[in-house]
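Shown next, in structure tokens, is the structure this report addresses.
All ligand and atom numbering here is 1-based and tracks the order in the structure.
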Amino acid sequence: MEQISWPGRGFDTLVGRATALLQRPGRAVLGIAGAPGSGKSTLADELTAAIDDDFPGQVVQVGMDAFHLAQRVLNRHGLAHVKGAPETFDCYGYIDLLERIREHTDHPVYAPEFRREIEESIAHAVEIAPAVRLVVTEGNYLLLNAEPWDGVRSRLDEVWFVHLQDSIRRSRLQARHTHYGLGTDAAETKTLGSDEANARLVNSSRGNPDVWVEVNADAPVDL
Ligand SMILES: Nc1ncnc2c1ncn2[C@@H]1O[C@H](COP(=O)(O)OP(=O)(O)OP(=O)(O)O)[C@@H](O)[C@H]1O
Ligand SMILES: [Mg+2]
């Protein structure tokens, strides 16, 4: 397993690995896993932007979080208080989409997108056009060693695990919660409650990543 530090000079190595996947015959899917607040979405955004500069229209991002069950379904099942836990996602739907992304390269495939502003997903919001050669997908549970999540790994060509030391990860998560409208107490309750439980699960079931991305907490991101 290769270890790479990011942000910083390791970023070029990550872009190189992702570009090599894109240049393989057919369409590749790269997974980015890690605990809540570790920086998966930030890395996926930065990586996708860099690759799109060199290969316009050939890379697209699809989030695992787009498979969050809708709030009304969570309410019906009494799962609203653990939103974000593995059982609050449509994992089978996610796996099916990964299959379709791999197999259906002769027509557009549409994926949902999670909108934090409304805490819900919008169907068919992301277009994966036939020209797309690399799909970057990121989420908490890509390497989870429990059914049905253990079906994800075989649908990915490569998986990177993003790790950030817990104290900084928690403070970034808390800041993001307040940014999206939670009061200080509610943000802390979420960060130290359900988010923390999910982080423990992710960190205790890291599967077998191809790359360990150690987040350099001192380096700013340049988006
Ligand atoms: N280098 C950085 N410096 C400061 N803040 C950062 C840096 N990288 C990411 N962040 C911030 O940390 C927070 C968490 O990052 P991000 O949203 O990418 O994590 P994530 O792993 O996708 O989390 P989740 O699993 O909850 O979706 C965000 O608010 C992001 O803007
Ligand atoms: Mg994210």
Polar side-chain atom of Arg133 near backbone of Leu22 as donor-acceptor pair, under 3.5 Å: yes
Residue pairs involving residues 39-83 (criterion ring pair (Phe, Tyr, Trp, His ring centres under 6.0 Å); sequence neighbours excluded): Phe67-Tyr94, His68-Phe89, His68-Phe114
Check: Arg200 side chain, Glu196 main-chain N or O, donor-acceptor pair, under 3.5 Å: no
Residue-ligand contact Gly34/ligand 1, heavy atom below 4.0 Å: no
No-hydrogen, no-angle side-chain donor-acceptor test under 3.5 Å, Trp149 and Glu147: no
Arg176 neighbourhood, listing ligand 1 atoms whose heavy-atom distance to it stays under 4.0 Å: 14 (C), 16 (P), 17 (O), 19 (O), 23 (O), 24 (P), 26 (O), 27 (O), 29 (O)
Closest to atom 15 (O) of ligand 1 among Val202, Asp45, Thr42 (heavy-atom distance): Thr42
Arg116 N/O under 3.5 Å from ligand 1 N/O: yes
CG/Asp185: more than 12 non-hydrogen atoms of other groups inside 6.0 Å: no
Residue His124 excluded, over 12 heavy atoms near NE2 under 6.0 Å: no
Heavy-atom proximity to atom 8 (N) of ligand 1, best of Gln174, His179, Arg172, Glu138: Arg172
Backbone or side-chain N or O of Lys40 under 3.5 Å from ligand 1 N or O: yes
Residue-ligand contact His177/ligand 1, heavy atom below 4.0 Å: no
Whether Arg27 side chain and Val132 backbone form a donor-acceptor pair below 3.5 Å: yes
Check: Leu144 and Arg153 side chains under 4.5 Å, non-hydrogen atoms: no
CG/Asn145: more than 12 non-hydrogen atoms of other groups inside 6.0 Å: no
Around the Mg ion (ligand 2), number of protein N/O/S atoms which are nearer than 2.8 Å: 1
Leu173, any N or O under 3.5 Å of ligand 1 N or O: no
For Asn140, the ligand 1 atoms whose distance to one of its heavy atoms is below 4.0 Å: 25 (O)
Ala35 neighbourhood, listing ligand 1 atoms whose heavy-atom distance to it stays under 4.0 Å: 21 (O)
Distance-only donor-acceptor check, side chains Gln174 and Lys190, under 3.5 Å: no
Geometric N/O contact Pro7 with ligand 1, under 3.5 angstrom: no
Heavy-atom neighbours of Arg9 CZ exceed 12 at 6.0 Å: no
